[in-house]
Chemist: 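Here's a structure for you.
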Amino acid sequence: MSTPIDARAAGLRDLLSGGLVAAALTPMTRAGEVDLDVAEAYFRRLAASGADALAVLAHTGRGPYLPPETRAGVIARARRAGVPVIVGVGAAARGGPGAVADARAAAGLGADGVLVFPEPGDRVALHEAVWAAAGLPMIAFDLYTNPCPPATLRRILAVPGVAGLKTALLSDAMGCQETIALTRGSGRLAITGEDRMFGPSLLWGAQAALVGIAAASVGTTADVLRAFEADDLRGFEKASARLDRLAAATFTAPMEGYVQRMAWLAAEEGLIPPTHAHDPYGPALPEDERAHVLASAR
């Protein structure tokens, strides 16, 4: 049964329905320096390549590690790309001001919505606090590192400011199916974050995508979504096979290495310069892995 939804959240739900949200990188040097001009050019290229919206400062963008002034610059530059901007909020990794303060800052900079990172404690209260403080539509997040019990998901989906829920459960097909069903039943947007179950999650009822694999290879990802929407079964099969090969090379152990792998790919595609294709917050990866990733993309 659907639950009441605020008009602002319903607006974001409808805006993102059927769309591809690229979980963007934050282009960085090996030392972790961020050049906002490089970031803006990258965001514009993602939009030009087929991203319907951008999710910045999310997990792929290492938002939890970045200081407020850098976060503000990234949000401001993303807004110039001409597509809706969703901002990752929550401070579990950096010990910063927290999701509420992050959401207030995002609202002040004109973001269209926020993606609320899973954090320890009362998750329902967290979403209620973010909504009360910032008034920005929220996308809830069911993540494989800290999956949310179905009863809690139902309560989160009943918060009026929640526009949708992103599921990223990695290898839990049953959990993904249940989360999608709960989200759709609440009248919210079921968003797939399943890079390794992308095609199946659409078949299970996902209505939009917010994925890290679209930090590069936007066209490869968009092809799957568009073929599905067009009821092009053969095209969907071919596009899904291409995406699955790429996901198998980029979303693999160590899983946190996917950010670096996507940065390598973004540089190869000319989306960012090689000098800013580094992830200083992830695990070190062997150099020969880069060749494997690029070969999979080709």
Side-chain angles (χ1 to χ4, degrees), residues 20-35 38-39 41-43 45-46 49-51 54-66 74 88 93-94 143-146 168-173 192-201 209-224 238-298:
L20 173 61
V21 185
L25 298 159
T26 301
M28 298 184 205
T29 65
R30 195 179 300 275
E33 298 163 338
V34 177
D35 184 322
V38 170
Y42 166 61
F43 298 147
R45 288 171 185 142
L46 289 178
S49 298
L54 299 174
V56 299
L57 303 172
H59 192 190
T60 309
R62 295 306 193 199
Y65 296 95
L66 301 178
V74 168
R94 62 186 162 89
L143 182 62
Y144 72 98
T145 57
N146 193 9
L169 296 177
L170 189 63
S171 60
D172 183 357
T192 181
E194 303 289 0
D195 304 85
R196 291 298 300 266
M197 298 190 289
F198 191 83
S201 66
L210 195 169
V211 284
I213 204 164
S217 298
V218 176
T220 304
T221 314
D223 285 348
V224 183
K238 290 182 176 180
S240 291
R242 288 194 297 270
L243 186 65
D244 286 347
R245 286 193 294 271
L246 181 59
T250 49
F251 285 78
T252 187
M255 193 56 62
E256 274 297 295
Y258 89 87
V259 176
Q260 179 60 73
R261 297 180 191 112
M262 295 311 302
W264 285 335
L265 190 54
E268 180 73 6
E269 294 180 357
L271 298 174
I272 57 176
T275 53
H276 288 72
H278 299 280
D279 174 28
Y281 302 104
L285 300 177
E287 183 58 30
D288 62 355
E289 190 168 340
R290 180 177 181 275
H292 173 62
V293 168
L294 299 185
S296 298
R298 298 188 193 106

Chemist: Looking only at heavy atoms, which two atoms of L265 and A297 are closest? And how far apart?
Modeler: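 Closest pair (atom of L265, atom of A297, distance): CD1-CB, 3.3 Å.
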Chemist: If you look only at pairs with a residue in residues 192-201, which of them pass as a side-chain hydrogen bond (donor to acceptor under 3.5 Å, both in side chains), with sequence neighbours excluded?
Modeler: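 As it turns out, the side-chain hydrogen bond (donor to acceptor under 3.5 Å, both in side chains) pairs with a partner in residues 192-201, which skip direct neighbours, are T167-E194, T192-S201.
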Chemist: Please output the side-chain donor-acceptor pairs of residues 281-288 that fall under 3.5 Å, not counting sequence neighbours, one pair per line with the distance.
Modeler:
none

Chemist: Can you list every pair that meets side-chain hydrogen bond (donor to acceptor under 3.5 Å, both in side chains) and has a residue in residues 239-251, with sequence neighbours left out?
Modeler: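 Listed once each, the pairs would be none.
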Chemist: Is there a side-chain contact between R62 and V34, using heavy atoms and a 4.5 Å cut-off?
Modeler: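 No. Closest side-chain heavy atoms not under 4.5 Å.
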Chemist: With rounding to the nearest 0.5 Å, note down the distance linking OH in Y42 to NE2 in H276.
Modeler: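 With rounding to 0.5 Å, OH (Y42) is 13.5 Å from NE2 (H276).
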Chemist: How about R290 and L294: do any of their side-chain heavy atoms sit closer than 4.5 Å?
Modeler: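 Answer yes - side chains close enough.
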Chemist: Under 3.5 Å, which donor-acceptor pairs do the side chains of residues 210-222 form with other protein atoms, sequence neighbours left out?
Modeler:
from	atom 1	to	atom 2	distance (Å)
S217	OG	E269	OE2	2.9
T221	OG1	S217	O	3.1

Chemist: Working to the nearest 0.5 Å, report the span between OG1 of T145 and CG of L169.
Modeler: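 T145 OG1 to L169 CG: 10.0 Å, rounded to 0.5 Å.
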Chemist: List the atom of Q260, the atom of D279, and the distance in Å for their closest heavy-atom pair.
Modeler: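 Closest pair (atom of Q260, atom of D279, distance): OE1-N, 3.0 Å.
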Chemist: Measuring only between side-chain heavy atoms, which start at C-beta, is T26 closer than 4.5 Å to V56?
Modeler: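 In short, these two side chains do not touch, never coming nearer than 4.5 Å.
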Chemist: Holding to salt bridge (Lys or Arg N to Asp or Glu O under 4.0 Å), I want the full list of residues that pass it with E33, two or more places apart in sequence or in another chain.
Modeler: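 Per chain and number, E33 pairs via salt bridge (Lys or Arg N to Asp or Glu O under 4.0 Å) with no residue.
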Chemist: Over all heavy atoms of both residues, which pair between P64 and A58 is shortest? Give the atoms and the distance, please.
Modeler: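 Heavy atoms of P64 and A58 come nearest at CD-O, 4.1 Å.
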Chemist: Look up atom CG in D223 and atom NZ in K238, then write down how far apart they are to the nearest 0.5 Å.
Modeler: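 One finds 12.0 Å between CG of D223 and NZ of K238.
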Chemist: Of all the heavy-atom pairs spanning H278 and P280, show the shortest one and how long it is.
Modeler: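 Nearest heavy atoms, H278 then P280: O-CD, 3.6 Å.
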Chemist: Measure the spacing between CE of M197 and CG of L170 and express it to the nearest 0.5 Å.
Modeler: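 The distance works out to 7.0 Å.
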Chemist: To check you understand the geometry: which heavy-atom pair defines the closest contact between T60 and V259, and what is its length?
Modeler: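 Answer, listing the atom of T60 first, then V259: O-CG1, 3.6 Å.
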Chemist: Tell me every residue that passes ring-ring contact (aromatic ring centres under 6.0 Å, His included) with F251, counting only those two or more places apart in sequence or in another chain.
Modeler: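 With sequence neighbours excluded, F251 shows a ring-ring contact (aromatic ring centres under 6.0 Å, His included) to Y258, given in chain and number order.
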Chemist: Where do L54 and F43 come nearest, in terms of heavy atoms and distance?
Modeler: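 Minimum heavy-atom contact is CD1-CB, 3.7 Å.
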Chemist: Are the side chains of R261 and H292 in contact, using a 4.5 Å heavy-atom criterion?
Modeler: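 No, side chains not in contact.
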